[in-house]
Amino acid sequence: MKAVYIRESGGPEVLEVREADAPQPGPGEILIDVVAAGLNRADVQQRHGLYPPPDGISEVPGLEVSGRVAALGSEVDESNLAVGDAVVALLAGGGYAEQVVAPAGQVLPVPEGMDITTAAALPEVTATVFSNLFVSAAVRPGETVLIHGGAGGIGTMAVQLVRAFEAHAAVTAGSTEKLEVAGILGAETLINYRSQDFVEEIMNATDGRGADVILDVVGAKYLEKNVDALATSGRLVVIGLQGGTKAELNLGKLMSKRAAIIGTTLRARPVEEKTMIMQAVGEHVWPLVRSGKIRPQVNRVYPFEDVVAAHEYFDSDTHTGKILLSHEAPHSQPPG
C-alpha cells in the first residue's frame, strides 16, 4: 500500500509518498480501507519534529480517517460492524495511508446522510471539542465560551456545539473573512485579535463578567490575558501551544476568581479513555450531525498524492475549517 512518511523535520517538502507494508488487525482492532484523512495541526507539529507519535504507534502521520471496514480482528463484536461498512476512526497515527488499523472502540459509523469523504473531518474535532468543553470544562447552557482560533477545524466545530448545547460562543480570529465564517455558524461575539484586545471585547460582551470557559490553542502567549478574561469560577482549557510553552502566572488572580486551568492532549490518552470519548461523541454529537444541526466545515479536499500541496495550504494560515486528503479525489488543482 501507499503511505506518507516524513523524510526529516521541516516544511511540507519533507513529506513523501512511499510503498509500505499493509497493517494487520490485532485483537480488538479493525482494518479500514481509507477513503479520506483529516489534516490536523498535530500532523504539522509532527512534521516539524515537535510532536512524535506515542511509543508503538506508526510513524505515518494522520489522526483521523473515514473509510470502509476491510477486516475485523479477533475479539471485535461482529454485531456492531461488518466488512464494507462506512466508518470513521480516531487514531494515534497512521491515517495518511491506504489502509490503517484502529481500536474498535475508536471507530464509529459514518452518520446517516453524510458522504464518506466529508466524514473524515469529524473524529478528531468532535472528540477534542466534546471531551474538553462538555466533559472537562462542563459547559452549561447560558454560559459564555471564548474560542481562540474560531475559524479553524476545532474552532468551527466548537462554535456549532456550543450553540447546539445552548451556550454563547465568542471567537477570536485574524481576519474579517474568518470572523464571518464563525458568525455564520453562530458565534455571537467576533474579535479580530490583530486589531482588538480580546479581554476588553469579552468583558464588554458579557457586561464585565468575563468568559465562563476559554478554549485555547495558543498557550503561553495568551496565559495572562486568558486569566484576565475569565469570569469568576471560569475554566481555561489549554489544548495547544502555538504561542509557546512557558509563561508566568499570577496565582493570586487565579485564586481570587476561583478559576481553574485544565491542560489536555488527546493523542496519547489510553485506548480505554478514547473509547469512552468516542462513545460519548456517538451518543451526544452524532444525532446532531444526522439532523443537520452541526456539520464539519471542509475547506478543501486534496488528492492523497498532493499531500505536500495540502500542507503548504495549511501552513499559509488562510484556510477556514478542515483540509482533507482523499484517495477518491481526482488529481487536479483543488478549488479556492
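Because the structure is a prediction, the values reported are computed rather than measured.
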Q: Measuring only between side-chain heavy atoms, which start at C-beta, is Ser131 closer than 4.5 Å to Ile277?
A: yes
Q: If hydrophobic clusters are built from ILVMFWY residues whose side chains come within less than 4.5 Å, do Val87 and Leu31 share one?
A: no
Q: Within the 4.5 Å heavy-atom criterion, are Leu122 and Pro111 side-chain neighbours or not?
A: yes
Q: Taking Val17 as the starting point, is it possible to reach Val44 by hopping between hydrophobic residues whose side chains are less than 4.5 Å apart?
A: yes
Q: Taking side chain to side chain donor-acceptor pair (under 3.5 Å) as the criterion, tell me which of Arg194, His148, Glu201 meets it with Thr172.
A: His148
Q: Find the distance between OG1 (Thr206) and CG (Asp212) and round it off to the nearest 0.5 Å.
A: 8.0 Å
Q: Applying a strict under-4.5 Å side-chain criterion to I, L, V, M, F, W and Y, I'd like to know whether Val237 and Phe130 cluster together.
A: yes
Q: Between Ala119 and Val88, which heavy-atom pair has the shortest distance, and what is it?
A: O-CG1, 3.4 Å
Q: If you take all heavy atoms of Val65 and Pro123, which pair is closest and at what distance?
A: O-CG, 4.1 Å
Q: Working to the nearest 0.5 angstrom, can you tell me the gap between Asn299 CG and Thr156 OG1?
A: 10.0 Å
Q: Give me each pair satisfying salt bridge (Lys or Arg N to Asp or Glu O under 4.0 Å) with a member in residues 65-88, each pair once, sequence neighbours excluded.
A: Arg68-Glu328
Q: Do Leu91 and Val69 share a hydrophobic cluster, counting only Ile, Leu, Val, Met, Phe, Trp and Tyr and linking them when any side-chain heavy atoms are less than 4.5 Å apart?
A: yes
Q: Against Thr264, only a single residue in Thr128, Ile239, Val135 fulfils side chain to side chain contact (heavy atoms under 4.5 Å, CB included); can you say which?
A: Ile239
Q: In terms of hydrophobic clustering (I, L, V, M, F, W, Y; side-chain heavy atoms under 4.5 Å; direct or indirect links), are Met157 and Leu190 co-clustered?
A: yes
Q: Report yes if some heavy atom in the side chain of Leu161 is under 4.5 Å from a heavy atom in the side chain of Leu133; otherwise report no.
A: no
Q: Under 3.5 Å, is there a donor-acceptor pair between the Asp43 and Tyr51 side chains?
A: no
Q: Looking at CD1 of Ile262 and CD1 of Ile214, how far apart are the two atoms once the value is rounded to the nearest 0.5 Å?
A: 11.5 Å
Q: Look at Asp216 together with Lys221 and state whether they make a salt bridge at an N to O cut-off of under 4.0 Å.
A: no
Q: In Å, rounded to the nearest 0.5 Å, how long is the span from CD of Glu16 to OH of Tyr5?
A: 11.0 Å
Q: Assess whether atom CD of Glu166 is packed by more than 12 heavy atoms of other residues, nucleotides or ligands within 6.0 Å.
A: no
Q: For Gln46 and Arg41, which I'm curious about, is there any donor-acceptor pair between the side chains at under 3.5 Å?
A: no
Q: Given side chains that start at C-beta, do those of Val213 and Leu230 come closer than 4.5 Å, heavy atoms only?
A: no
Q: Check whether any side-chain heavy atom of Pro23 sits under 4.5 Å from a side-chain heavy atom of Met1, and report yes or no.
A: yes
Q: Under 3.5 Å, is there a donor-acceptor pair between the side chain of Thr265 and the main chain of Arg267?
A: no
Q: Begin with the C-alpha distance, continue with both residues' side-chain angles, and end with the deciding distance and a verdict on side-chain contact (heavy atoms from CB on, under 4.5 Å) for Met114 and Arg295.
A: CA-CA 9 Å; Met114 177 166 288; Arg295 185 174 180 85; 3.7 Å; yes
Q: Of all the heavy-atom pairs spanning Ala164 and Leu288, show the shortest one and how long it is.
A: CB-CD1, 3.9 Å
Q: If you apply the rule ring pair (Phe, Tyr, Trp, His ring centres under 6.0 Å), what do you find for Tyr222 with Phe198, and how did you get there?
A: CA-CA 10 Å; Tyr222 275 9; Phe198 73 79; 5.0 Å; yes
Q: Spell out, as yes or no, whether a donor-acceptor pair under 3.5 Å connects the side chain of Arg47 to the backbone of Ile6.
A: no
Q: For a side-chain contact (heavy atoms from CB on, under 4.5 Å) check, start with the C-alpha distance between Asp21 and Gln24, then their side-chain angles and the critical distance, and finish with the verdict.
A: CA-CA 9 Å; Asp21 293 334; Gln24 299 297 319; over 6 Å; no
Q: Using side chain to side chain donor-acceptor pair (under 3.5 Å) as the criterion, list what pairs up with His168, not counting sequence neighbours.
A: Glu188
Q: Under 3.5 Å, side chain of His319 to main-chain N/O of Ala151, donor-acceptor pair present?
A: no
Q: Tell me, with the steps shown, if Ile261 and Leu254 meet side-chain contact (heavy atoms from CB on, under 4.5 Å).
A: CA-CA 9 Å; Ile261 299 176; Leu254 189 74; 4.0 Å; yes
Q: Provide the closest heavy-atom pair for Ser326 versus Val301 in the form atom of the first, atom of the second, distance.
A: CB-CG1, 3.6 Å
Q: Mind checking the OG-OH spacing from Ser58 to Tyr96? Nearest 0.5 Å is all I need.
A: 12.5 Å
Q: Would a distance-only check, ignoring hydrogens and angles, find a side-chain to backbone donor-acceptor pair under 3.5 Å from Ser66 to Ile116?
A: yes
Q: So which atom in Ile202 and which in Ala229 form the shortest heavy-atom distance, rounded to 0.1 Å?
A: CG2-CB, 3.8 Å
Q: Asn40: what forms a side chain to side chain donor-acceptor pair (under 3.5 Å) with it, not counting sequence neighbours?
A: Glu64, Lys322
Q: Does the side chain of Thr118 come within less than 4.5 Å of Asp115's, by heavy atoms?
A: yes
Q: Show me the side-chain donor-acceptor pairs of residues 98-110 shorter than 3.5 Å, one per line, residues at least two apart or across chains.
A:
| unit_1 | atom_1 | unit_2 | atom_2 | d |
| --- | --- | --- | --- | --- |
| Glu98 | OE1 | Lys2 | N | 2.8 |
| Gln99 | NE2 | Asp33 | OD1 | 2.7 |
| Gln106 | NE2 | Leu90 | O | 2.6 |

Q: Any salt bridge (Lys or Arg N to Asp or Glu O under 4.0 Å) pairs touching residues 171-180, not counting sequence neighbours?
A: Lys178-Asp317
Q: Between Val159 and Ile147, is there a side-chain heavy-atom distance shorter than 4.5 Å?
A: yes
Q: Scan residues 223-245 for pairs that pass salt bridge (Lys or Arg N to Asp or Glu O under 4.0 Å), counting only residues two or more places apart or in two chains.
A: Glu143-Arg235, Asp197-Lys225, Asp228-Lys253
Q: Is atom CD of Glu59 surrounded by more than 12 heavy atoms (other residues, nucleotides or ligands) closer than 6.0 Å?
A: no
Q: For residues Ala205 and Thr189, report the shortest heavy-atom separation together with the two atoms involved.
A: CB-OG1, 3.5 Å
Q: I'd like to know if the side chain of Glu200 reaches the main chain of Gln196, judged simply by a donor and an acceptor atom lying under 3.5 Å from each other, with no hydrogens or angles considered.
A: no
Q: side-chain contact (heavy atoms from CB on, under 4.5 Å) between Arg258 and Ser233: does it pass, once the steps are laid out?
A: CA-CA 5 Å; Arg258 302 190 299 280; Ser233 299; 4.2 Å; yes
Q: With no hydrogens and no angle check, just 3.5 Å: does a side-chain donor-acceptor pair link Arg300 and Tyr302?
A: yes
Q: Could you tell me if the side chain of Val238 sits less than 4.5 Å from the side chain of Leu215, heavy atoms only?
A: no
